[in-house]
Amino acid sequence: MNQSKLNELNNWLQHNNLDGAIITNYHSVAYLSGFESDPIERVLALVILSGKNPFLFGPALEVNSMQESGWPYTALGYQDQENPWRKLAQHIQNTSKGSQRFAIEADNLTVHRLNALQNALPTGDFSTDITEKINQLRLIKTSSEIQHMLAAGQDADRAFEIGFQALHAGASELEVAAEIEYQLKKSGVPSMSFDTLVQFGDHVADPHGTTSNRALKANELVLFDLGTMTQNYASDASRTVAFGAVPKDIHDIYDVVLHAQQAAQQQAKIGMTAGELDHIARQVIEEAGYGQYFNHRLGHGLGSSVHEYPSIMPDSHLILQENMVFSIEPGIYIPGTAGIRIEDSGYLSANGFIPFTQTTKNFTVL
């Protein structure tokens, strides 16, 4: 449980004359309470009441797990046949009487769920969005959080090694991804931070493609995009390698991406804006004539979830601060020709950007 962050949110509620907050993003719930669970279609909420103790609310089948997670306050549950919003409203009304002003995570609570909440608590005002405040709470990492992500980065390096060794002609993308995840779990890594992405040949030119049954052939590129969870903190990294010989123009494109990635990583510093950092990498790619093929932001934040605030993208005026964690992942994707992405995630220190992963970025032929 993150008591200092809960206290800060309680102070924020009082400063803004709010009676409470209803946190429904399960990543936010885990970050603040220490209870980790994806409720899928069920309702999970952390309710913070101004000047009072917070409580967890979720499926009855998870109440024991909430308590065993180290959560020191009340944990309440509902049966599947019950209306969760009505029962949640009853718990709130038992603690806080009269009209109430509550903050919600507007980017997470669906229209359907907001309507259900308003019907259950008709005197409530849910017009305040707490999303930005929670993003700010999660933005600067503690030394403990960074240590967890450094450990997750070491696991990601092992994942690359396993993946490289698993490549052989005829192997499918799914087979290689499965080998990576199997070997990691066998060694005690509890989970990946997202489904491992392995792409061969023409698939590599799709920056948001999927891992499929496509078989590996000689003399083509292989892209790995992967990450692990350690103590509920994520790693995220990408490497592109060659399986056999590839044409010289592929080597040249790789060198452009590597130069862009290293330039951003080496020049990242406290006080610059996220947009300025994006521009460093993007300018390298544009000057090489491939600007139109770099079609996504330079990076994203990560922490207790693999994608979180902020975005490292053009025109962002966000000031980069010490102990912010984000990815640096430029890429060039030319349909029918090549796709190359090189990514490290890391944290910003007084000495610059410190990556969590150390797997070589030199052009590698396997």
Side-chain angles (χ1 to χ4, degrees), residues 1-2 5 23-42 44-46 56 58-59 61-72 75 108 134 138 141-166 173-198 210-211 224-239 300-309 325-327 329 343-347 354-359:
M1 184 190 68
N2 203 327
K5 302 296 185 181
I23 310 299
T24 53
N25 183 325
Y26 70 90
H27 292 299
S28 302
V29 172
Y31 176 75
L32 293 165
S33 73
F35 174 62
E36 184 87 25
S37 175
D38 179 354
I40 312 175
E41 78 279 3
R42 294 184 171 98
L44 174 68
L46 168 63
L56 278 172
L61 54 87
E62 296 206 67
V63 169
N64 285 341
S65 297
M66 293 177 195
Q67 295 167 334
E68 291 172 359
S69 72
W71 176 247
N108 174 263
I134 291 178
R138 298 174 68 175
K141 274 37 179 193
T142 65
S143 58
S144 176
E145 290 177 306
I146 288 171
Q147 289 304 311
H148 292 327
M149 283 184 277
L150 283 166
Q154 292 177 346
D155 288 335
D157 282 327
R158 283 201 299 126
F160 285 129
E161 182 180 354
I162 294 165
F164 295 166
Q165 293 176 354
E173 296 170 343
L174 282 168
E175 179 184 341
V176 174
E179 180 68 10
I180 292 169
E181 297 192 6
Y182 169 71
Q183 292 296 342
L184 288 177
K185 289 187 176 182
K186 187 177 178 182
S187 68
V189 175
S191 65
M192 309 304 288
S193 53
F194 57 96
D195 290 340
T196 300
L197 179 65
V198 179
T210 57
T211 300
F224 295 88
D225 190 349
L226 52 83
T228 66
M229 297 297 292
T230 298
Q231 296 293 311
N232 295 326
Y233 281 86
S235 59
D236 182 9
S238 300
R239 293 292 186 271
H300 58 85
L302 68 160
S304 55
S305 52
V306 73
H307 273 225
E308 59 185 54
Y309 182 78
V325 170
F326 50 86
S327 65
E329 49 179 301
E343 172 189 12
D344 285 312
S345 299
Y347 69 98
I354 310 298
F356 298 137
T357 38
Q358 304 300 323
T359 298

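Values in this document were obtained by computation on a predicted structure and should not be read as measured data.
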* To do: Take Gln154 and Thr230, measure what side-chain contact (heavy atoms from CB on, under 4.5 Å) needs, and give me the verdict at the end.
  => CA-CA 10 Å; Gln154 292 177 346; Thr230 298; over 6 Å; no

Check whether [X] reaches the backbone of [Y] with its side chain - one donor and one acceptor, N or O, closer than 3.5 Å.
| X | Y | answer |
| --- | --- | --- |
| Thr228 | Ala152 | yes |
| Ser327 | His300 | yes |
| Ser193 | Asp236 | no |
| Thr211 | Val198 | yes |
| Ser33 | Phe35 | yes |
| Glu181 | Thr196 | yes |
| His27 | Val306 | no |

How long is the straight-line distance from [atom2] of [Y] back to [atom1] of [X], given to the nearest 0.5 Å?
| X | Y | atom1 | atom2 | value |
| --- | --- | --- | --- | --- |
| Ile180 | Ile162 | CD1 | CD1 | 7.0 Å |
| Met66 | Leu46 | CE | CG | 10.0 Å |
| Ile134 | Tyr309 | CD1 | OH | 13.5 Å |
| Ser28 | Ile23 | OG | CD1 | 6.5 Å |
| Tyr31 | Asn232 | OH | CG | 13.0 Å |
| Trp71 | Leu32 | CH2 | CG | 8.5 Å |

Heavy-atom pair with the smallest gap, counting every atom of [X] and [Y]:
| X | Y | answer |
| --- | --- | --- |
| Met192 | Gly227 | CE-O, 3.2 Å |
| Ser191 | Lys185 | CA-CE, 4.4 Å |
| Pro39 | Leu44 | CG-CB, 3.7 Å |
| Val176 | Gly163 | CG1-O, 4.0 Å |
| Thr24 | Ala45 | CG2-CB, 4.3 Å |
| Thr359 | Arg239 | O-NH2, 2.8 Å |

* Go through Glu36 and Ser304 one step at a time and tell me if the side-chain contact (heavy atoms from CB on, under 4.5 Å) criterion holds. => CA-CA 10 Å; Glu36 184 87 25; Ser304 55; over 6 Å; no

* Stepwise side-chain contact (heavy atoms from CB on, under 4.5 Å) check, Lys141 with Met149 -> CA-CA 10 Å; Lys141 274 37 179 193; Met149 283 184 277; 3.5 Å; yes

* Asked: Under the side-chain hydrogen bond (donor to acceptor under 3.5 Å, both in side chains) criterion, do Ser238 and Glu329 qualify, and how do the steps go?
  -> CA-CA 8 Å; Ser238 300; Glu329 49 179 301; 5.1 Å; no

* Asked: Pairs in or reaching into residues 144-162: which pass salt bridge (Lys or Arg N to Asp or Glu O under 4.0 Å), with residues at least two apart or in two chains?
  ->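 Qualifying pairs, neighbours excluded: Asp155-Arg158.
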
